[in-house]
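Counting starts at 1 for both ligands and their atoms, in listed order. Just the heavy atoms: all of them, side chains too, but no hydrogens, waters or symmetry mates, feed the values below.
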Amino acid sequence: MNPLSALKPGSTLGIMGGGQLARMLCMEARRMGYRTLVWTGGLEAPAAEVCDEVCTEPFADLAAAAAFAARCAVATVEFENLPLASLEAVSQHIPLHPSPTAIATCAHRAREKHFLRENAIPCAPFWLVKSAAELARALEELAGAGVLKTAEWGYDGKGQRRVATGDDAALLWRELDTPAAVLEAYIDFSCEISVMIARGQDGQWASYDPCENRHRDHILDLTIAPATLPPSLLESARAIAVRIAEALDYVGIMGVEFFVTRSGSLLVNEMAPRPHNSGHHTLDACFTSQFEQQLRATVGLPLGDTRLLTPATMLNLLGDMWPCQGDPAWDNLLRDPAVALHLYGKKNATQRRKMGHATFLGHDSLARATAAKQQLLSAASL
Ligand code: ATP
Ligand code: MG
């Protein structure tokens, strides 16, 4: 294998997507001396105010993809719902990490499930459906409770609903309004965990300690690092994440979400080909953050140490924690001296919007994060 020849500081990293993940990547890139060009589709882009350059053409514009590539030395993505043709157009001109194939595999639930099945990686029983008739057949075979998910564009629980055998397939199909969907068996899990894994251009990988994720209203609420589960189970989760990264010939940072079943086995829920919300604590609690790892892998540097320096709990700050007028009382939150506050610069605090996160450090971080959450929610409802 060739020795690494990393892009030098001063080179420009292109980022497709301009949300908070791109914002935090830009901040790490700037710290390490790299320039950033953010391609954002939306008007209000959290990354726009911290990057060096912005472009705003629609992601489907292939001429814009070529122009974007001409302005940077290497590119990566901060979200996966990007047109494959545009990803390929960028990668014809400059290296794009992860590859268009890896991104496309994770972006489409049907491709993702095929990939897991082909690689004998355990996941929930599933059926791919493309019509009301196929859904009716799948619901029959399911014989119980399930979750119906659109194949594309799902995030924060959007585009999915609980279903069960006996439900009206024609009505469900009309309501879902999608060309393709995946029906999964409902998993009565004991908890959910995730593993962040980075893989470099030389094939070296580094994984972070698996974390436990708790959701509120289908949106990630708390990430607890590390997950306190039997070491053998945690090692299996890491090993599955490595198998996935290798099978995708992955370069960059990836999140792998798992269900831990009541009988103690692991099922992969989904993969995210980018930094993940459940890896945000790595900014404050690990030697190398997930964003620095993405930068390192993308520009061809060796990966950093993934060690967790202290137990930590990440609390997502959602829009429902914002009072009708003004902002939450951050001075109250920061009376706890071992909290790192991250705000994404978003102006409109709508109910379910991810506005920021707070990372609580220390052995009692879960209790402190839970108390702070209650305080923020009750202050917002006054
Ligand atoms: P995110 O963007 O937060 O990762 P998403 O919209 O991509 O979410 P999933 O990860 O598929 O969607 O599902 C969101 C959550 O819904 C899961 O973390 C889990 O709590 C619950 N869920 C999804 N699928 C199932 C299932 N088959 N059985 C039980 N619970 C499920
Ligand atoms: Mg998920």
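Counted within 6.0 Å of OH on Tyr186, heavy atoms from surrounding residues, nucleotides or ligands total more than 12; the atom is thus considered enclosed. Few gaps surround CD on Glu246; more than 12 heavy atoms of other groups in view lie less than 6.0 Å from it. Within 6.0 Å of NE2 on His218 lie no more than 12 heavy atoms contributed by other residues, nucleotides or ligands.
For atom 25 (C) of ligand 1, a protein non-hydrogen atom is found at a distance below 4.0 Å. At a distance under 4.0 Å, no protein heavy atom can be found next to atom 15 (C) of ligand 1.
Among protein heavy atoms, the minimum distance from atom 20 (O) of ligand 1 is reached at Glu192 OE2, 2.7 Å. Remark: minimum distance from atom 6 (O) of ligand 1 to any protein heavy atom is reached at Gly157 N, 2.7 Å. Among protein heavy atoms, atom 1 (P) of ligand 1 sits closest to Asp156 N, 3.5 Å. Atom 22 (N) of ligand 1 has its closest protein heavy atom at Phe259 CZ, 4.0 Å. Looking only at heavy atoms of the protein, atom 28 (N) of ligand 1 is closest to Ile187 N, 2.9 Å. Protein heavy atom at the shortest distance from atom 27 (N) of ligand 1 is Glu184 OE1, 2.8 Å.
Counting the atoms of ligand 1 from 1 in the order shown, those under 4.0 Å from a heavy atom of Lys149 are 9 (P), 11 (O), 23 (C), 24 (N). Below 4.0 Å from some heavy atom of Arg109 lie the following atoms of ligand 1, by number and element: 5 (P), 6 (O), 7 (O), 11 (O), 12 (O). Contact atoms of ligand 1 toward Phe189: 20 (O), 29 (C), 30 (N) (distance under 4.0 Å to a heavy atom of the residue). Residue-ligand proximity, Glu257 to ligand 1, at heavy-atom distances under 4.0 Å covers atoms 4 (O), 10 (O).
Contact annotation: for Asn269 versus ligand 1, heavy atoms closer than 4.0 Å belong to the side chain alone.
Checked by atom type and distance alone, the side chain of Thr298 pairs as donor or acceptor with a backbone atom of Gln294 at under 3.5 Å. Checked by atom type and distance alone, the side chain of Thr36 never pairs as donor or acceptor with a backbone atom of Leu13 at under 3.5 Å.
When the side chains of ILVMFWY residues are joined at heavy-atom separations under 4.5 Å, either directly or via intervening members, Met196 and Leu234 end up in two distinct hydrophobic clusters.
Here the shortest heavy-atom pairing between Leu334 and Val339 reads CD2-O, 4.0 Å.
No cation-pi contact links Arg23 to Tyr344, judged by a cut-off of 6.0 Å to the six-membered ring centre and 45° from its axis.
A donor-acceptor pair shorter than 3.5 Å cannot be found between the side chains of Thr178 and Thr150.
Ligand 1 has at least one atom lying under 4.0 Å from a heavy atom of Ala185. Look at Leu220 and you'll find every heavy atom at least 4.0 Å from all atoms of ligand 1.
Rounded to the nearest 0.5 angstrom, Leu318 CG and Asp320 CG are separated by 5.5 Å. One finds the CZ atom of Arg352 at 10.0 Å from the CZ atom of Arg216 (value rounded to the nearest 0.5 Å). Taking NE2 of His357 as the start and CG of Asn277 as the end, the distance is 8.0 Å to the nearest 0.5 Å.
Considering each of Gln160, Glu270, Arg162, Lys354, the one bringing a non-hydrogen atom nearest atom 13 (O) of ligand 1 is Gln160.
Counting only distances under 2.8 Å, and ignoring water, the protein N, O or S atoms around the Mg ion (ligand 2) are Glu257 OE1, Glu257 OE2, Glu270 OE2.
A ring pair (Phe, Tyr, Trp, His ring centres under 6.0 Å) with Phe291 is found for one member of His280, His281, His276 and no other, namely His280.
The shortest distance between side-chain heavy atoms of Lys354 and Ile219 falls below 4.5 Å.
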